[in-house]
Amino acid sequence: MENEYKRQFFIGYSDCDRKINLSVLNSLYLIQDMMTEYFGFLKSDNIILKKENNAIWVLTKTKVHFNKYPTWRDVIEGTVFTTAIKPIRLETETQFKDKDKNILFYANQEICVIDLTDRKIRKINTVNYPTDVQIKEGINKDKYLKLKTDFTEDDKVYEQKIYSSDIDFSYHTNNVSYVKLIINSLNSDFLDSNKITDFEIHYINESKEEQKLSIYKKIKDNEIEFLIKQENREIVRANLKYIKE
């Protein structure tokens with residue numbers, strides 16, 4: 001079965017940051033859109049799985065590398081494909097190219113299936129997913145980071161309640177809402193004077209509407225580690241790498 005799904009995006013003003021570049025946050029929205037449309041292309045999106053298999057796809061990891069940010073009014077092309085199929089997870093890569101076919105940024109993701117009754121992981125072969133999808137090798141050869149940094153209450157930046165606008169079709173907090181919480185822990189001076197080159201996020205547990213999350217941050221040499229917790233329960237860990245501009 002054909003593996004790749006492609007589509008074009010126009011970078012609008014509301015997609016951009018203060019530099020009129022596509023913002024990191026909105027790049028994650030584009031990646032999310034590509035992934036959901038790819039699974040629709042495979043006739044295996046969450047609408048189908050929920051109806052026919054009492055299950056949903058859940059993202060567990062995302063790793064993004066930025067070569068160059070597209071700017072306002074640019075038209076870019078996204079391509080997503082499967083890089084591995086394992087018993088309980090899929091791996092994909094999404095690439096975004098400019099009009100000259102140069103790769104602007106790309107993302108690797110890990111996805112698994114969760115049963116809607118017991119919220120436990122299910123094997124891929126128990127849901128509607130094509131068994132003949134071609135596997136394609138991606139650009140990225142790096143493994144996901146092991147995010148194990150210890151945080152204390154001195155590292156807490158702020159707290160944020162989860163609202164209805166954060167909740168998605170799966171009735172838990174949308175993955176990109178966590179990215180927004182992380183980006184909001186960075187001030188404008190940092191974002192103006194640095195370029196984010198890599199962003200990796202691991203989704204550990206779900207959170208829901210009305211819950212209060214605590215956001216922690218620890219700055220290292222040219223990278224920042226993040227933790228998001230709901231009381232004593234870890235929800236998300238992330239890592240951001242940057243260079244001075």
Side-chain angles (χ1 to χ4, degrees), residues 23-40 44-64 88-90 92 107 109-124 126-129 144 147-153 155-186 199-218 225-240:
S23 70
V24 172
L25 178 65
N26 281 300
S27 73
L28 270 292
Y29 276 118
L30 295 190
I31 293 164
Q32 179 172 263
D33 284 348
M34 284 294 294
M35 282 293 295
T36 54
E37 292 181 26
Y38 179 51
F39 279 87
S44 183
D45 60 25
N46 273 351
I47 295 174
I48 293 171
L49 259 62
K50 186 174 183 179
K51 180 180 179 181
E52 299 185 11
N53 304 121
N54 191 43
I56 55 171
W57 293 106
V58 174
L59 190 60
T60 54
K61 294 177 183 176
T62 297
K63 185 182 185 77
V64 190
I88 62 170
R89 73 174 184 268
L90 299 177
T92 65
Q109 296 185 291
E110 246 184 34
I111 312 100
C112 65
V113 176
I114 297 292
D115 188 272
L116 285 174
T117 299
D118 59 18
R119 310 303 287 188
K120 292 183 179 179
I121 294 176
R122 284 172 55 170
K123 289 186 176 181
I124 303 298
T126 67
V127 300
N128 285 21
Y129 184 78
Y144 291 100
L147 303 180
K148 299 293 184 183
T149 297
D150 292 326
F151 292 85
T152 69
E153 288 307 296
D155 300 315
K156 185 159 74 172
V157 183
Y158 71 104
E159 294 181 342
Q160 178 66 51
K161 186 177 178 180
I162 296 299
Y163 295 101
S164 58
S165 60
D166 297 304
I167 303 303
D168 62 16
F169 176 76
S170 302
Y171 277 81
H172 63 196
T173 305
N174 186 278
N175 296 315
V176 184
S177 289
Y178 297 117
V179 181
K180 185 174 184 178
L181 294 177
I182 288 168
I183 297 300
N184 281 343
S185 74
L186 306 172
F199 180 73
E200 182 168 335
I201 184 166
H202 297 186
Y203 301 98
I204 303 165
N205 284 298
E206 298 174 295
S207 67
K208 299 181 179 180
E209 188 176 356
E210 299 295 326
Q211 291 180 335
K212 183 181 289 185
L213 303 184
S214 298
I215 295 84
Y216 298 78
K217 178 178 71 174
K218 183 168 285 189
E225 295 270 354
F226 301 91
L227 169 66
I228 298 178
K229 292 172 61 176
Q230 189 264 320
E231 296 181 347
N232 293 321
R233 197 168 59 103
E234 290 194 6
I235 305 297
V236 159
R237 281 183 176 264
N239 175 281
L240 180 154

Between Asp155 and Thr152 (side chain of the first, backbone of the second, donor and acceptor by atom type, cut-off under 3.5 Å), is there such a pair? yes
Within a reach of under 6.0 Å around NZ of Lys180, are more than 12 heavy atoms found that belong to other residues, nucleotides or ligands? no
Under 3.5 Å: donor-acceptor pair, side chain of Ser44, backbone of Asn128: yes
Please lay out, stage by stage, how Phe169 and Lys50 fare under the test side chain to side chain contact (heavy atoms under 4.5 Å, CB included). CA-CA 10 Å; Phe169 176 76; Lys50 186 174 183 179; 3.7 Å; yes
Heavy-atom closest pair, residues Lys229 and Glu231: CE-O, 3.3 Å
With Tyr129 via ring-ring contact (aromatic ring centres under 6.0 Å, His included) - residues at least two apart: Trp57
One should read off an interatomic distance between Leu90 CG and Phe39 CZ, to the nearest 0.5 angstrom, of 5.0 Å
So do the side chains of Asn53 and Arg122 get within less than 4.5 Å of each other, counting heavy atoms only? yes
Supply the atom-to-atom distance Ile183 CD1 to Leu28 CG, rounded to the nearest 0.5 angstrom. 8.0 Å
When rounded to the nearest 0.5 Å, the distance separating CD1 of Ile114 from CD1 of Ile121 is 5.0 Å
Is any side-chain heavy atom of Ile56 closer than 4.5 Å to a side-chain heavy atom of Leu116? yes
Sequence neighbours excluded, which residues qualify as side chain to side chain donor-acceptor pair (under 3.5 Å) partners of Tyr29? none
Shortest non-hydrogen pair, Glu209 vs Ser164, comes out as OE2-CB, 3.5 Å
Minimum heavy-atom distance Val113-Ala55, with the two atoms named: CG1-CB, 3.6 Å
State, with a plain yes or no, whether a side-chain heavy atom of Leu227 is found less than 4.5 Å away from one of Thr149. no
Go through the steps to decide whether Gln230 and Lys212 satisfy the test side chain to side chain contact (heavy atoms under 4.5 Å, CB included), and finish with yes or no. CA-CA 6 Å; Gln230 189 264 320; Lys212 183 181 289 185; over 6 Å; no
With heavy-atom distances below 4.5 Å as the criterion, would you say the side chains of Ile228 and Ile182 are in contact? yes
If we only count heavy atoms from C-beta on, is the Gln160 to Asn184 side-chain gap below 4.5 Å? no
Please say whether more than 12 non-hydrogen atoms of neighbouring residues, nucleotides or ligands are located less than 6.0 Å from OH in Tyr158. yes
Would you say Val179 and Phe199 make side-chain contact, with heavy atoms under 4.5 Å? yes
Residues two or more places apart in sequence or in another chain: which of them pass salt bridge (Lys or Arg N to Asp or Glu O under 4.0 Å) with Glu206? Arg119
Let's go through Ile162 and Ile167 carefully: what are the C-alpha distance in whole Å and the side-chain angles of both, what is the deciding distance for side chain to side chain contact (heavy atoms under 4.5 Å, CB included) to 0.1 Å, and is it a yes or a no? CA-CA 8 Å; Ile162 296 299; Ile167 303 303; 3.8 Å; yes
Identify the heavy atoms of Leu59 and Thr62 that sit nearest to each other, and give their distance. CD2-OG1, 3.2 Å
Can you see which heavy atom on Tyr144 is nearest to which on Glu110, and at what distance? OH-N, 3.6 Å
Would you check, one step at a time, whether the test side chain to side chain donor-acceptor pair (under 3.5 Å) holds for Ser177 with Asn174? CA-CA 5 Å; Ser177 289; Asn174 186 278; 4.9 Å; no
Could you grab the distance from atom CD1 of Ile31 to atom CD of Gln109, nearest 0.5 Å is fine? 6.0 Å
How long is the span from the CE atom in Met35 to the OG1 atom in Thr92, to the nearest 0.5 Å? 3.5 Å
State, with a plain yes or no, whether a side-chain heavy atom of Ile235 is found less than 4.5 Å away from one of Thr173. no
Do Leu213 and Tyr178 have side chains that get closer than 4.5 Å, going by heavy atoms? yes
What do you reckon, is CG of Asp150 surrounded by more than 12 foreign heavy atoms closer than 6.0 Å? no
So, are Glu225 and Lys217 salt-bridged, with charged N and O less than 4.0 Å apart? no
Measure from the side-chain N and O atoms of Arg89 to the backbone N and O of Thr60, and report whether any donor-acceptor pair falls under 3.5 Å. no
If I compare all heavy atoms of Arg237 with all of Leu147, which pair ends up nearest, and what's the gap? CD-O, 3.2 Å
